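All figures in this text were calculated on a predicted structure; none of them were measured in a lab.
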Amino acid sequence: MTITHDSDSPNNQDYDNNIALIYDYLEKSIDILRANLNEVTNNLRLLTAAEVTYIHFFITDLPSPSFAVMISENMEPLPCYSCFIFKTLAYIFSITSITICLWKGYNKESIRLVIKPENLLSQAEKGTTTQYKESIIINIWKYTIEDLNKFLQIRQKALRQAVITLTLSMLCAVLDIIIHFVFYS
């Protein structure tokens, strides 16, 4: 991307002011993207903590006889196995959701927040101060904002996946409780 501008034109001061405004806009965009990224990361952390609590206080107390009890007491197979399967699925979905939160939420990928010096030096040799400022803006867009957007999208997708798997876990837990109360109460 090359921006052409005649540095001898009478509007050069206006153009330089516009470049400064664009640079300020990019800085604010980076701040907003960082804040959004921090918010999604905090939501992943909260979800992880909630799920650990959910497993500890809820799933472990779901009604489901062990295989040994089912065999020794000659229980009705369908409700027993169904409760056992739904409790196991609740564990699997919940652990999957925690794994998604931890894997994507705490994964540190490098994001370039600084423009490479060689890019700046090559542009500094080629033209005027205005062209140099233009290259800084282009590099900030190319290396920082695009990377932050990509990283934010990855974490947002992970948050959606974690919420969906947690919902599936809760659905399995509810089905386990319903089957238990229908057949054993």
How many angstroms lie between atom [atom1] of [X] and atom [atom2] of [Y], to the nearest 0.5 angstrom?
X	Y	atom1	atom2	value
Q161	L159	CD	CG	10.0 Å
N38	L33	CG	CG	11.0 Å
T53	I59	OG1	CD1	11.5 Å
I100	L166	CD1	CG	10.5 Å
I179	S82	CD1	OG	4.5 Å
D176	F86	CG	CZ	8.0 Å

Practice item. Evaluate the criterion side-chain contact (heavy atoms from CB on, under 4.5 Å) for residue pair I92 and T88; output intermediate values, then yes/no. Key: CA-CA 6 Å; I92 290 170; T88 304; 3.9 Å; yes
**Study point:** Partners meeting side chain to side chain donor-acceptor pair (under 3.5 Å) with T165 (sequence neighbours left out)
**Key:**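 Per chain and number, T165 pairs via side chain to side chain donor-acceptor pair (under 3.5 Å) with S97.
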Exercise for review: Establish, from distance only, whether the side-chain atoms of S169 and Y91 form a donor-acceptor pair under 3.5 Å.
Suggested key: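 No - no donor-acceptor pair under 3.5 Å links their side chains.
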Pairwise side-chain contact, [X] with [Y], heavy-atom cut-off 4.5 Å (strictly under):
X	Y	result
I98	I55	yes
N42	R45	yes
Y54	M170	yes

Would a single hydrophobic cluster contain both [Y] and [X], if residues Ile, Leu, Val, Met, Phe, Trp and Tyr are joined by side-chain heavy-atom contacts under 4.5 Å?
X	Y	answer
L148	I32	no
L46	L44	no
V52	L102	yes
F57	V174	no

N/O donor to acceptor pairs below 3.5 angstrom from side-chain atoms of residues 21-30, sequence neighbours left out:
residue, atom, partner, partner atom, Å
S29, OG, Y25, O, 2.9

Nearest non-hydrogen partners of [X] and [Y], listed with the distance:
X	Y	value
L152	V40	CD1-CG2, 3.9 Å
S94	E51	O-OE1, 3.1 Å
K104	R155	O-NE, 3.1 Å

Exercise for review: May I have the step-by-step check of side-chain contact (heavy atoms from CB on, under 4.5 Å) for R160 and Q156, ending in yes or no?
Suggested key: CA-CA 6 Å; R160 279 191 302 275; Q156 287 173 332; 4.0 Å; yes
